[in-house]
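The sequence lines fix the lettering, A, B, ..., with proteins before strands; numbering per chain opens at 1.
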There are 2 protein chains.
Amino acid sequence: MRLLLVEDDDQVAETVTASLTAVGFLVERARDGREAWFMGDTEPYVAAILDLGLPSLDGLSVLRQWRAAGQRLPVLILSARGDWTERVEGIEAGADDYLPKPFRLEELLARVQALVRRAAGQPAPVLVHGPFRLDTRRQTLSRDGLAIHLSPQEYRLVSYLMQQAGRVVSQQELTEQLYAQDFERDSNSVEVLVGRVRRKLGAGLIQTRRGFGYLIETDDDSHAS
Amino acid sequence: MRLLLVEDDDQVAETVTASLTAVGFLVERARDGREAWFMGDTEPYVAAILDLGLPSLDGLSVLRQWRAAGQRLPVLILSARGDWTERVEGIEAGADDYLPKPFRLEELLARVQALVRRAAGQPAPVLVHGPFRLDTRRQTLSRDGLAIHLSPQEYRLVSYLMQQAGRVVSQQELTEQLYAQDFERDSNSVEVLVGRVRRKLGAGLIQTRRGFGYLIETDDDSHAS
DNA sequence: AGCACCCTGACAAAAGGCTGACAGCCCTCG
DNA sequence: CGAGGGCTGTCAGCCTTTTGTCAGGGTGCT
């Protein structure tokens with residue numbers, strides 16, 4: 001799942017990126033306000049982490065512009081000056097959460113994950129679909145209690161589709177979620193990935209909607225009979 | 001597991017650090033309030049020991065500021081004046097425990113360990129996984145009742161992983177928990193450490209989730225059959 | 001049939017993780 | 001004080017797994 005990190009300080013950006021990556025996010029970074037605005041308006045991120053002190057265009061302005069343009073991307077604001085007025089301003093500008101610097105990485109992680117879950121309406125750490133169980137703590141998928149080994153990329157694919165269960169997800173969207181933005185778009189890597197997953201899980205779980213994308217049914221629908 | 005010790009007196013700090021280190025904690029020290037506040041807000045400690053009489057920013061204020069910022073780090077307060085009002089103040093400021101000076105080192109140890117266990121939602125001082133028993137009181141690991149010698153660092157690794165049983169722990173997180181903040185992040189020391197532990201305990205206990213991190217299963221799952 | 005899509009097996013590059021060897025450090029013991 | 005031994009981080013080499021690419025073959029719709 002792609003995250004946008006807007007942060008001008010290299011040091012901070014690196015640390016934050018590392019921890020977010022470690023828990024499975026694909027992090028892309030903007031260094032200044034203009035870049036941030038453009039990326040956020042263009043690319044489909046699941047959430048953005050927005051530092052307020054930025055060159056070229058202030059963080060709050062970026063946020064306001066996004067909101068003005070109807071962009072509903074969940075935004076977590078980071079701010080060095082943790083004062084009261086700024087927090088209010090942030091919330092008013094349309095932020096979803098606010099974290100004063102300095103912060104602990106765990107807290108950032110927790111909040112980002114909360115944000116993403118809230119946005120996805122998916123609070124469960126274990127996603128179930130028929131005989132399949134995706135355990136996000138163990139980062140493990142099992143069928144009928146038997147663990148099935150998935151590579152990181154395969155895991156991300158299944159995880160994303162299960163989080164979006166019941167919705168058709170286009171190849172384009174998957175490419176965007178699984179790969180960095182500068183990735184060659186005209187390769188069939190998603191197809192290959194889906195193929196590999198199917199070989200492991202059987203053809204039933206991930207359905208193809210020819211011309212539209214891929215789909216994992218919601219648990220109820222698939223077992224209604 | 002990293003602990004923050006906030007204490008201005010060198011003598012006391014040294015003694016306390018020595019005993020905590022001896023039972024497997026990695027202790028980092030702050031000498032005054034500002035430093036304490038910053039470290040506690042920035043680094044991922046499992047708990048803090050907070051002396052109240054401090055230069056530059058009073059201990060209670062530090063605590064209040066942490067709490068105001070949503071920092072839930074477990075805190076044990078140390079105080080020279082063991083009077084009633086101060087104790088109440090401490091608890092009200094958000095402390096988790098309170099220990100009047102002078103205290104016996106054993107008592108401090110016991111309380112800190114209790115604090116950490118409570119915070120981890122792990123009431124048991126003895127963690128069991130299959131034939132392995134980790135006794136956090138004696139800091140010993142045994143298999144089938146036979147003690148296995150672990151070096152301090154090895155013990156910390158196993159201990160952390162067992163406390164997080166059932167969860168994949170990334171190398172990054174392990175590095176943060178096992179090494180002090182200024183540690184070179186791009187070495188393979190964690191891998192080496194894991195290797196050493198496995199040589200002593202066998203390959204079964206610590207699983208590798210390639211691309212994700214390491215994992216010790218919960219006892220139940222591993223012996224369900 | 002024709003076309004756009006999708007699947008699959010093979011391959012090679014790259015990443016991730018493991019291991020043995022080694023060196024620095026510290027402690028203990030004689 | 002010096003020798004020996006344990007602990008630990010670093011490094012280089014090795015092996016395995018992962019993953020993007022490509023070419024060729026299906027599949028379903030019009």
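Checked for salt-bridge contact, B:Glu154 and B:Lys200 meet the test: a charged N lies under 4.0 Å from a carboxylate O. Classification of B:Glu35 and B:Arg29 as a salt-bridged pair fails, no side-chain N sitting under 4.0 Å from a carboxylate O. Salt-bridge formation is not detected for the pair B:Arg31/B:Asp8: no Lys NZ or Arg NE/NH1/NH2 atom is positioned less than 4.0 Å from an Asp or Glu carboxylate oxygen.
Atom CG of A:Leu26 is separated from atom P of D:dT19 by 13 Å (rounded to the nearest Å). The distance between atom CZ of B:Phe212 and atom P of C:dA15, rounded to the nearest whole Å, is 17 Å. We find that CG of B:Leu193 is positioned 12 Å from P of D:dC7, with the value rounded to whole Å. Summarising the geometry, the separation between NE2 on A:His149 and P on D:dT16 is reported as 15 Å, rounded to the nearest angstrom. Taking atom CD of B:Gln207 as the reference point, atom P of D:dT17 lies 16 Å away to the nearest angstrom. If you take CZ of A:Arg156 and P of D:dT18, they are 12 Å apart, rounded to a whole angstrom. As rounded to whole Å, 16 Å separates atom C1' of D:dG20 from atom CG of A:Leu174. C:dA15 atom C1' lies 19 Å from atom CZ of B:Arg209, rounded to whole Å.
An OP1 or OP2 oxygen of D:dT19 is reached within less than 4.0 angstrom by no side-chain nitrogen or oxygen of A:Tyr179.
Listed by chain and residue number, A:Pro102, B:Thr42 satisfy the side-chain contact (heavy atoms from CB on, under 4.5 Å) test with B:Phe38 (two or more places apart in sequence, or in another chain). Among residues two or more places apart in sequence or in another chain, the side-chain hydrogen bond (donor to acceptor under 3.5 Å, both in side chains) test is passed with B:Tyr160 by B:Glu173.
Taking the side chain of B:Ser189 as heavy atoms from C-beta on, and the options D:dG9, D:dT21, D:dC7, the nearest nucleotide is D:dG9. Distances were taken from every side-chain heavy atom of B:Gln153 (C-beta onward) to each of D:dT8, D:dG20, D:dT17; the shortest belongs to D:dT8.
Of the possible donor and acceptor atoms, none in the side chain of B:His129 sits under 3.5 Å from a partner among the backbone N and O of B:Leu205. Without hydrogens or angle criteria, B:Glu7 side chain to B:Asp9 main chain gives a donor-acceptor distance under 3.5 Å. Here the side chain of A:Thr140 pairs a donor or acceptor atom with the backbone of A:Arg138 at under 3.5 angstrom.
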Using a cutoff of under 3.5 Å, can you pull out all pairs of nitrogen or oxygen atoms linking the protein to nucleotides 18-25 of chain C, with atom names and distances?
residue	atom	partner	partner atom	Å
C:dC18	OP1	B:Arg198	NH2	2.4
C:dC18	OP1	B:Thr208	OG1	2.8
C:dC18	OP2	B:Tyr214	OH	2.7
C:dT19	O4	B:Asn188	ND2	3.0

Review item, nucleotides 26-30 of chain D N/O atoms under 3.5 Å of protein N/O:
residue	atom	partner	partner atom	Å
D:dT27	O2	A:Arg210	NH2	3.1

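For the helix from C:dA1-D:dT30 to C:dG30-D:dC1, the axis fitted to the five pairs at one end and the axis fitted to the five pairs at the other end meet at an angle of 30° (nearest 10 degrees).
Side-chain contact of A:Gln207 with A:Arg209: a donor-acceptor pair under 3.5 Å is present, judged by distance alone. Counting only N and O atoms by type, the side chains of B:Thr208 and B:Arg198 include a donor and acceptor under 3.5 Å apart.
The 5' end of DNA chain D is approached more closely, in terms of each residue's nearest nucleotide, by B:Leu178 than by the other of A:Lys200 and B:Leu178.
The residue from A:Leu157, A:Val169, A:Val46 that alone fulfils the side chain to side chain contact (heavy atoms under 4.5 Å, CB included) condition with A:Gln177 is A:Val46.
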Show which side-chain atoms of residues 142-150 of chain A pair as donor or acceptor with protein atoms under 3.5 Å away, not counting sequence neighbours.
residue	atom	partner	partner atom	Å
A:Arg143	NH1	A:Leu201	O	3.2

